[in-house]
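As C-alpha cells, the structure follows; a few thoughts come after it.
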Number of protein chains: 2
Amino acid sequence: MGRKPGRPVAPQSASGRNITIKDLAAELELSITTISRALNGYPDVGDKTRAKIEEAARRLGYRPNRNAQRLVLQRTHNIAWVQSDNELKYLDPHFSEVMAGVLAEARAANYDIVLTSHGQDRELQTYDRYVRDNSVDGFIIDLPREDDERISFLTEAGRPFVVHGREQRASQYGWVDMDNYDNFYRLMRLLIANGHRRFAFINGDETFNYALYRHHGVRDAIADAGLPADSLRVYNSAHPMGDAGFSLTQKALADTRVTAVLYSSILLLVEGYEVLANAGLRDGRPIAIATMDDELRHIHSTRLAPRVTFVRSSLRDAGHALIAELSRQLDDGQPARGVLMRSSFHVAPDLDARSLDDPLPMARRTTIG
Amino acid sequence: MGRKPGRPVAPQSASGRNITIKDLAAELELSITTISRALNGYPDVGDKTRAKIEEAARRLGYRPNRNAQRLVLQRTHNIAWVQSDNELKYLDPHFSEVMAGVLAEARAANYDIVLTSHGQDRELQTYDRYVRDNSVDGFIIDLPREDDERISFLTEAGRPFVVHGREQRASQYGWVDMDNYDNFYRLMRLLIANGHRRFAFINGDETFNYALYRHHGVRDAIADAGLPADSLRVYNSAHPMGDAGFSLTQKALADTRVTAVLYSSILLLVEGYEVLANAGLRDGRPIAIATMDDELRHIHSTRLAPRVTFVRSSLRDAGHALIAELSRQLDDGQPARGVLMRSSFHVAPDLDARSLDDPLPMARRTTIG
DNA sequence: ATAGCCTACTAAAACGTTTTGGCAAATTGC
DNA sequence: GCAATTTGCCAAAACGTTTTAGTAGGCTAT
C-alpha cells in the first residue's frame, strides 16, 4: 500500500519549524532577494540559478510564510463570512449549498474563507474587528434586510464586500441575487391564469428581503389581475426549518376555498407534503402547488408529485458568483457590479404555461429584488 | 523567462489605512514599547500613562495588526477545517450541526475557522499547504476512515489536530466521538430482547469509521444472541442524503420477514418514513424502528410516530468539544486526549427497555468506536 | 553618604517576506 | 578597443507587532 504519487512528504522535523527563505538562501549561497525574485517570476534571474532555486525549494518543501507575506503585501487572501448565532440555530441546507459554491470558487481564486459566528448583539463588532485588524480582504454578506447595517458599516469603512441578495442601495455595491420579485410574480400569475382564485403563500421571514420581495411579487400579481387582496393568505415561518412547513400547510388548507399553495422554499413544501397529499385524498381537492427550487443537493424531487410547478435557480451557482464578483473587485480592481442569476420555470403538465412568457407590466419592472 | 507578477490592488480604498501602534505612539509622545506593554497588561507602566493609552486606543479605534502579531508570535489563532469536494456534494445537516458548535466555541476561545475545500486528489496537498505556510495553529479532521492519511500526515508533520471520530490509532491523538459501537450494540440487543428475529440495518458509507463501527456493534449483538448471521441484512447509502432512505427502506421491507429496521441516521429514517407507514397500513405489519438521533435542528421529531426508539447524542455539543480539546492543547499545552460524548436512549413505549442497562460482554468492551 | 532597589519608561532586535535602487560583470555596437 | 547597454545578482528598507535588555531617576536602608 505505498504512497500515492504526489503525496506530500511530511516536514522532516516533528518539532515544527518550517523552512524559510533564509534557509534557502543559506543552502544555495544566494541572497534572499534573488530567492524571492526567482520564485516570484521576476525576469532578472538567470535561468540556471532559477532552476536551482526552484529545485531546492521543492526539495526542502519551502512555502512562503503567509503572515509575513500578508504583512508586507497588505493583502490576506482571506474572505470573511460572518454568521450570526441567531441564524446558526437553523444553519440550514440553503447555507450549506451557498457555502459549497463559495468554497469551490474560493479555492479556484486562491482565497480562504474565514468563518465566524457572533452573539446576538455583537454582529457589527465582529465586522469591525476584521476591518481594523487586517485579517481579511473582503466580506460576504448573506440574507440582507432592508437598510442592512452590515452594508452601511462596510460602506462607511470602505471595505470590499459582496451581498448575496439586495436591498435599496443595491446599485452601490456588488451583489448576487435571483429575481425574487419577478419569479414570484410570474408564478402567481401562472396560477391565476389557470383559474385559481384563492391562494396560500407559505413564505419565509419577511424581515429578510428575499422573502419580502417574493411577497411583493405575489401581491402585485394579484392586484394586476384585478383580484381582491383577500384572495391571498400569507403564512410566514420565522425559521426556515422545523415543522413550519407542516403546521403552516395545515393552517393554510383549513380554508377549504384554497386551491393553490405557493411555497417560498422546497423544504417547506416537503414538510407539508403529507398534508397536501391527504387533502387530495380526503377532500377530493386537488391542490396546485408551486415553489422555489434552490437545487438543494439532498432534496430529491423525484418523490414529489409531478403536479408541482417550480422555478429553479442554483444556490450553489450563486456561491460561485459571489466569489467571482469579489475576486473581480479585489484582484482585477474592477468596480462593483450586480449579478442576476438566471431562473428557469418548470410547469406541472396539467397547467397552461403560456402566461410565463408574457413580460411583466412596465410599472412592475423596476422594482429590485 | 518568467513574468513580473501582476500587482494586486490594495484592498482598502475609501477610508484608507488602519491606525497602527506607531500612530498611537506619535499621538501620545510615548515609545512603541510602552504602548504595546500597556495594552498587553504588563505591570511596568504607570497608572496614568496606561489610562491615557487605553483612552487613545479606544478613541482612535486601534486594533493590533493581526498579521504582524501572527508573524512575531508564531501563532495565528486560526483553525483549519478542510472539506473535500466529494463531501461537498452532500454537505449535509450533520456538517452544519457540527460546524455550528465549532463556531460558537471557537468564538469563545478566540479562534477563527478557516474553511476550505479541495479537489478529489488534492486532499493532502491542502493540509500540506497549511502546515508549511503557517496559516493555522491546528486542524479539525471530520469523518475519519481506517488508517486515515490525513491523520498520518499531520502526525508526521507534528501539528496539532483533533479528530471528530476515531480510527485504530485513537490513543495517539485528540478526538471527540460518541460510542458508535456500544450504542448500536445496545440498540440491536434491545430489538432482539423484544423478540425480533429478522432485521434490516440501513447504514451510511462504511468506508467511514462511524458507519463501520456501528455495523460491528450490530453484528456482534446478533452473534452474541446466538442468532444466525443472515438474520441481518445491511443496506448502505453511499450518500447520507438523496432518496437513499426511501429506496433502501423499500428494498429492506421487500423481505416480508423483516420486523425491525435500524437506521444509522434520522435523515434516512425520515426519508423512509412514508414506506414504513405504508407497510404498517398495507401489510398490517408493525415495524419496530430504531435510529441514531443527532439532534439536527431542522428535523422535527414530533412528527415521527411514538414507536421510534432512538439513541441521542448532540453533534453540536461534539462541535463544542472539538474546539475545547484543541484549545486545551494549543492554549494550555495539555497532552491530547479523547472525549467520549454521552448518549441517551429513548425507548418506544411498546418495547421492553431493560436490556439496555446490561453491561456489554467483557470481550466486547475494548473495541474502539 | 552611598549602595542597592524600585518605578517607569525606551532603543533595538526579531519575526519572514517583498521591493527599491544599485552595482559589478558580461555583452554589444561602432 | 572603448563606450553603452544588458544581465544577474544583492544590501537595505519596509510591513507592524512583541520582547529583550536595558537606563535614568527617585527612594530606601544603613
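Owing to the predicted nature of the structure, the values given are computational and were not obtained by experimental measurement. The figures here come from the full heavy-atom set of this structure, side chains too, leaving out hydrogens, waters and symmetry mates. Chain letters run A, B, ... following the sequence lines, proteins first, then strands; residues in each count from 1.
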Which of C:dT17, D:dT17, D:dC9 is nearest the side chain of A:Thr49? It is D:dC9

Let's see if you can work this out: which of C:dC9, D:dA14, D:dG8 has an atom nearest to the side-chain heavy atoms of A:Asp44? D:dG8

Just say parallel, tilted or perpendicular for the rings of A:Tyr130 and A:Phe139, cut-offs at 30° and 60°. tilted

Using a cut-off of less than 4.0 Å, is there contact between a side-chain N or O of [X] and OP1 or OP2 of [N]?
X: B:Thr34; N: C:dC9; value: no
X: B:Gln74; N: D:dT18; value: no
X: B:Gln69; N: D:dT18; value: yes
X: B:Asn67; N: D:dT17; value: no
X: A:Ser36; N: C:dT18; value: yes

Inspect the contact between [Y] and [X] and indicate whether a charged nitrogen and a carboxylate oxygen are less than 4.0 angstrom apart.
X: B:Asp331; Y: B:Arg75; answer: yes
X: B:Arg17; Y: B:Asp23; answer: yes
X: B:Asp133; Y: A:Arg63; answer: no
X: B:Glu55; Y: B:Lys52; answer: no
X: A:Arg107; Y: A:Glu105; answer: no

Can you work out whether B:Ile32 or B:Lys22 has the more 5'-proximal nearest nucleotide on DNA chain D? B:Lys22

Comparing nearest nucleotides in DNA chain D, the 5'-proximal residue of the pair B:Ile21, A:Leu30 is A:Leu30

d([atom1], [X]; [atom2], [N]) in whole Å:
X: B:Arg37; N: D:dG22; atom1: CZ; atom2: P; value: 14 Å
X: A:Leu71; N: C:dT17; atom1: CG; atom2: P; value: 12 Å
X: B:Leu24; N: C:dT10; atom1: CG; atom2: P; value: 13 Å
X: A:Glu29; N: D:dG8; atom1: CD; atom2: C1'; value: 17 Å
X: A:Tyr42; N: D:dT6; atom1: OH; atom2: C1'; value: 19 Å
X: B:Arg132; N: C:dT17; atom1: CZ; atom2: P; value: 13 Å
X: A:Asp23; N: C:dT17; atom1: CG; atom2: C1'; value: 13 Å
X: B:Arg66; N: C:dG16; atom1: CZ; atom2: P; value: 19 Å

B:Asn40 near the nucleic acid: base, sugar-phosphate alone, or nothing, with a heavy-atom cut-off under 4.0 Å? sugar-phosphate

Answer with base, sugar-phosphate or nothing: what part of the nucleic acid does B:Arg63 contact at a heavy-atom distance below 4.0 Å? sugar-phosphate

When the nearest nucleotide of DNA chain C is assigned to B:Leu73 and to B:Arg50 on a heavy-atom basis, which residue is associated with the more 5' position? B:Arg50

Please tell me which of B:Ser31 and B:Ala68 maps to the more 5' nucleotide of DNA chain C, matching each residue to the nucleotide holding its nearest heavy atom. B:Ser31

Does the C:dT19 base have a donor-acceptor partner in the side chain of A:Thr33 within less than 3.5 Å? yes

